[in-house]
Structures are given as structure tokens and as C-alpha cells.
Amino acid sequence: MASISSRRLAKELREIQAEGCPVGISLVEANDFSKWVFTIQVMGDSLYQDEVHTLQFRFDPQYPISSPAVQFVVTDGKQAPIHPHVYSNGHICASILGNEWSPVLSVIAVCVTLQSMLASCKKKERPADNDRYVKHAPENPKKTLFHYDDDTV
Amino acid sequence: MIDGTQDEDDDTASEMDMDNYADDFKVAAKTKRKPYDVEYESLSQRSVEKLMQRDVEHICGIFGVEADTANLLLRHTKWNKEKLIENYMDNATAVLVAAGVTLPDAPTPSRTHSIASSSQSQSAARRPATRSKLLGLGSSSKSSAKSSSPPKPISRTPSKKADEAFVCQICFNDAPGLQTLALDCEHAFCTECWLDYATSKIRDESEHTVRCMAEGCALVAPDTFLRDILLGSVPATGEQQAREKTWQRLQELFVRHFVACNSHLKFCPYPSCTNTVSCPSAASKSSLITVVPTVSCGARGIGVQDSAASMSSSQQFVNGLGLKGKEHKFCFGCQVESDHRPVICSVARMWLKKCRDDSETANWIKSNTKECSQCQSTIEKNGGCNHMTCKKCKHEFCWVCMGPWSEHGTAWYSCNRYDEKTGVDARDAQSKSRASLERYLHYYNRWANHEQSAKLALDLYAKTEKKMEEMQITSALTWIEVQFMKKAVEEVDKCRMTLKWTYAMAYYLYRGNEKDLFEDNQRDLEKAVEDLSELLESPIEADNIPALRQQVTNKTVYVQKRNEIVLEDTAVGFLDGRWRWNVSVDGFDDPEDQ
Ligand SMILES: [Zn+2]
Ligand SMILES: [Zn+2]
Ligand SMILES: [Zn+2]
Ligand SMILES: [Zn+2]
Ligand SMILES: [Zn+2]
Ligand SMILES: [Zn+2]
């Protein structure tokens, strides 16, 4: 029997291929069930006009019971968007990726949530503790216990 | 008040009186507590569960709810019964919704609560579930939360249904007759997914709160629901044990949470131990300036099942003394060290911080080798005794101060006291800082030495054990009769710990009569310990065993007495407010005001 994560991801992939991604989001790479890559753009009026960012998902065999490890790619000249909840190493502080993860959420749901997080941003700035965090951050953002203070920014 | 209730109250009151009498009797039957021993009680996981049960039953009785609901409510309010009752009387619906017992009444499913124990907590506002339909996968007939339903207690058994058109929105299993479960919100998922989810929360995240898996749904799975998931259906072969373990882990997490919510309770910090210690007299921070709450959960060893039965008596001896059989002793007030008597928690913590900050300067002291002050050959320390004899030149000296040992045997033994004069005489900044370093090193040196000697004590145990076996062969002594050696080794180890912390205390004690008396007691104990330590390392001959036994026994009794004097005098000093510090310590007068 295939593991729950591969069965579930196969289903998600089939849906993406059949229905396409929502506007501003496109699938770049999904060669296996351990790592997927998307590009993400904010449509309409926003502080991130004309910016294209790359979002990486990593899955463990426990997905979707456990959340995916999601971060912006910051290698090969790519950069993380400047946002109060996005660290310069690409890690994202969003409760939906941590204690509010629900197994019914999908990869596309995460993409759309992050897209709207950018769209509603009022001021482009890094988190206050960016330097300190980036210096000591674990490689995998899931190992960080973020303090979700204000999700509405 | 209604008559019937009155009677019930009377019954409860007289029952409580009986309990009090029983307690009084128990206390009276105990031997008199020493002033340096704090009063405490050791509780098994079962006994803590009984305490929880009592609160749950109390709440069930008042609110007229089931145990499942009472449990969720109590956990949500951090087991603060008074606060829960007050809030519940004020607005029961709000409390039930906040605790995840019932669905919110209003159509806006805003989740503004936070569960007390959640390690991640603090989320101010949770994301509403309005997007779930848009973003969710496939087309689910069971959509987002019911818009309006009156709050009602969760039914005791989870609703199971075999829905033929059902597709689990997590694993996408659509097998006909798939077993599904849902809380009152009716967000149904297959039992397999519920099991995986609950297991992952409990085992991987050490989380005792398992919420509904639907996005934005605030309902919390009650205990009976989780029990049905974990232990309900007959699992595949080999899986049953894992599930029972998860259930047991959940019970432990419940107890840990309860203990963490009560300041007079602490969970035993030893690995895989599930005992709790109750120590009301050390529950407040302010109590820690007058008592050093050294407690023990009552268990010994690491790992529950020690194959003690299969060991020989001598193996048991070594294990009993060594790490494996160590008593679960810990400080109720801090994590500094299991037993840092006689010094109070805050001063012990301050001293350790200083040692960490100055570690490089003082590192050389900790090394196991030094040079003989007479012939410069390298000498290695391999026992606990500080009386060293150079193998090469036979020079006898003290390992701690490197001074000749002959001076230590006399009445003016003063290895323990730092001559403050050198510091006072220093004038310029450089010699002042040098003097302060020297002063620190004096105390650190002696502190570290006792710690090191205690570590070397393990070797001493092994040596002692061998000696005892020899004794049984070469003399008519029986196993019971050679216990005096074990007792002596244990006593030396215990006293070295006391001595170690007396140096941390002395470093911060304000100069004056009180400190002089403290150091007199310290010196007498140190001398007695070194004497006994030396005796334990002396060679054993068959014909000197009865004499040795007499000597060791006498000295052990004496060391025990000296240790008691140090501990008792210091403890009484804290209770009387006699001690003054040369730095500012919370709860004490500042040194400037003295
Ligand atoms: Zn499922
Ligand atoms: Zn639900
Ligand atoms: Zn224990
Ligand atoms: Zn302490
Ligand atoms: Zn020598
Ligand atoms: Zn000395």
C-alpha cells in the first residue's frame, strides 16, 4: 500500500494538472513526493508588483498529518520577499504552517494564503529579530517554534 | 440553602475532618524533621490522577456536565477551579466555546482562545474557516462548520457512520464502508487519519490537546473520543502495544500539565520517571530565601525495570552507590543541582553563573594533574583524598592549597579560609583586580576540588567494594558486618557535596562574626572528611580489620555530626535572617545598607 503522503500528493498533483494553479501561482517542479517548487506573484495593486518569488515545499512521509516545510528560495540570485513575517533566509512565520496547520489544507491552499499575506502587506520590512534569527536558524523551518503574534499584517 | 444539600455538606465536612486527623497522626508518627529538611510528599502518577479526578468530580457536580467536559474545561483554565467556576457562572457558553467543548453560537467562527499548555500558544487571532471550501481539495459534502447550533455537551461516544459516498478529505480513501469519526462539528474523517493525527500530536509533539482536523475548527477531542481512537477497535497485530503506549503517554501528558499548573507540585526530572513531589512550603518564590527545598520522588535508578534480582550482592552494592541506583533527589526550587544545601537557590545560581563566566581563568584548577611543589614531577590525583604524597621525593602536601600537609594536621588548620587582608591592602586598580581574582580562585579551587573528589568517588566505591570482598575472605566478618565501609563512603560523598556548596556560600557571605563562625564549622567538617577519606584509602591487613572497623565507624559518626552542624546552623541562620551577603541578593538587604 502506498504511503498516505504519496497517495495524497498524487491526488493534489492530478488536480493541479487538471485545473491549473490559481492566478499568480505556477508549478515549477514536482519530480517526486519529497520536494515541490512554485513561483508566486501578487496580482493587482500591492507592494510586490512585478516581483516573482520562488516557494519550496518539502514533505515528510507524515504529510498531511504533519505540515510541509515551506520556505522562500534564496539561492541562485533568488530573494525572499521583504515582509514583516518573512526572514531573509526564506523562513516564514505563519501560524498556518505551525500550530494551526490542518491536514485538510493543501499545497495550493498554502500558496494562496501566502500570496494573500503578501497582498495585504502595508509596509515592506523584515521581522524585527531578522538578524538574530537568521544567525541561529535551523536549516528546516519546521524546527523553529515561531511566536505567532499578529497574523493579520 | 435546601435541606438535602445541607446534609450532604455536613457529610463532606466530617469526612474532611477525618482526613485531617489522619494527617495529624501521620505527621506525629514521623521522626522529628531537621531544620535543613523541607517537608514534602512523594506522589505516584496514580495519586496525581486521583487529585485530578477529585477536581473533575467537583466540577461535574457543580455544572452538571460529564467528566469529558469537566476535563476540557479544567485544562483550559489551567486547573484553576475558582476561576473556572466564576467564569462559568458569568457566561457558560463563552467558557464552553473557548475550551473547545462546543461550537460557537454565532455564525462567525472566530477562534480567539488559546489552550493553556500549547507550547506554541499565544496566537492572538485564529484564521477563520471561511476559505476552507474554496481551498479545500475535491468536493466535500461535509463542508465548513455548522453556522448555528446551541452549545451542547459532547456525546460520550464518537459518532461512527459508514457513508458509502464518503471520501476522507485527508487521505482520499473512498473505500465503501470506510469507518469515519467526527466530533460535534460533524467534520468527518476516516478512523485511520484520526489515529495518525492523534498519535502524531501525542508522540511527536507531546501535545495533550487534539483538535478537530478541519481547518479553523476549534473543537477539542474529549478523552473518551481519544480512547476510542487509540484503544477502541482491535488493531492489526503488533500495533496494539504501540497504541497502548500512546494512550499511556497521553495520561502522562495530562498529569504533567496538571502538575505544571500547580506551584506546589513538581514532576520528577529523572528520565522515564513519572512521580511527582508535593512541597507546599517551597511553592512561592519568597519561600526560597529561607529554605533549600531538597526533595526526592522516592524512586531510585534510571529506567524502571532494573534487573536487581539477577545481580550478585556485590554488583548491587556498586549499582546502589553508583549512578544507576541513585536516589531521585532534586531541588524543588531550581535546576542548579540536585542538592545544593546549605546555600539557597538564588546564591547557588549566581555562583554557577560566575563560574561559567570565569571558566577559562579557572580551568587549570580542574585538571587532574599538578606539579609537586618540591621536585616538580607530575602528580596525578586518582582518589578523593587531598593528602598527597609525591612518589618521587615523598613530599607530603595538600592538593588544594599545595601547602605542606603537616600544617593541616594541627589545630591551626586554615585551608578553608581566605585571608581577606591581601585584598584590602591592594591599592591600585591592577593589584585590586588581581586580588579579586585571587579571592575568587581561592573559593573556586576548593569548590571544584570537592566536586572533582566526588566524581572520583565512583572509583573509590569500586575500590571499597573490592576491599570488602577481601575482608569477608580474610576475616570472620559477614556481609552485614562490613557495611560500615559502604556507610563511610556514602557519608564522605554526601559531605563533599555540602562542603562544595559551603564555598559558594562563603564567597558571597558578608565579612564578620557570622561568616567566621560559618567558616569554623566548614573547617571542622572538612578536616573530619579528609581524615575519613584518608582512612578509607589506607591499606587493609587482616589483623587490623577490627581496629579499622572501629576507627572508620567512629569517624563516620563524627563526620555525620559535623555535617549536621553545618547544615543545621546554616538552615537556622536562613530562618532567623542571620546571613548577609556582599552582593545584592533578591529578598535580602543590600550590602551598601549594612
Ligand atoms: Zn483518511
Ligand atoms: Zn470540526
Ligand atoms: Zn523520580
Ligand atoms: Zn535550588
Ligand atoms: Zn615531589
Ligand atoms: Zn590545604
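We name chains A, B, ... by the order of the sequence lines, and we start the count at 1 in each one. What you see is a predicted model, and the numbers here were worked out from it, not measured in a lab. In what follows, every heavy atom counts, from backbone to side chain, and hydrogens, waters and symmetry copies are set aside.
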Original post:
Hey, is NZ on B/K245 packed in by over 12 heavy atoms from elsewhere, all under 6.0 Å?
Top reply: no
**OP:** Name the region of B/C168, side chain, backbone, both or neither, that has any atom closer than 4.5 Å to a heavy atom of chain A.
**Re:** neither
Original post:
Counting heavy atoms not belonging to B/Q241, are there more than 12 under 6.0 Å from its CD?
Top reply: no
Subject >> Evaluation steps, side chain to side chain contact (heavy atoms under 4.5 Å, CB included), between B/F172 and A/R8 >> reply: CA-CA 7 Å; B/F172 287 96; A/R8 163 74 185 253; 3.6 Å; yes
Original post:
Do A/Q62 and B/D204 have side chains that get closer than 4.5 Å, going by heavy atoms?
Top reply: yes
**OP:** Inspect the surroundings of CG in A/D45 and state if more than 12 heavy atoms from other residues, nucleotides or ligands are less than 6.0 Å away.
**Re:** no
Original post:
Which atoms of A/P64 come close to chain B, meaning under 4.5 Å heavy atom to heavy atom: side chain ones, backbone ones, both, or neither?
Top reply: side chain
Original post:
Hey, is CD on A/Q79 packed in by over 12 heavy atoms from elsewhere, all under 6.0 Å?
Top reply: no
**OP:** Grab the two heavy atoms, one from B/Y197 and one from A/W101, that are nearest each other, plus how far apart they are.
**Re:** OH-O, 4.3 Å
Original post:
Taking all non-hydrogen atoms of both residues, which atom of B/A214 and which atom of A/S102 are closest, and how far apart?
Top reply: C-OG, 3.5 Å
**OP:** Could you grab the distance from atom CD of B/E215 to atom OG1 of A/T113, nearest 0.5 Å is fine?
**Re:** 7.0 Å
Original post:
Does A/I65 offer a backbone N or O that forms a donor-acceptor pair with the side chain of B/S200 under 3.5 Å?
Top reply: no
Subject >> CG on A/L105 to CD1 on B/I170, rounded to 0.5 Å >> reply: 10.0 Å
Original post:
Who are the side chain to side chain contact (heavy atoms under 4.5 Å, CB included) partners of A/A119, not counting sequence neighbours?
Top reply: A/V42
Original post:
Hey, does A/P103 have a side-chain heavy atom less than 4.5 Å from the side chain of B/D196?
Top reply: no
Original post:
How many angstroms lie between atom CD1 of A/I4 and atom CG of B/N173, to the nearest 0.5 angstrom?
Top reply: 9.0 Å
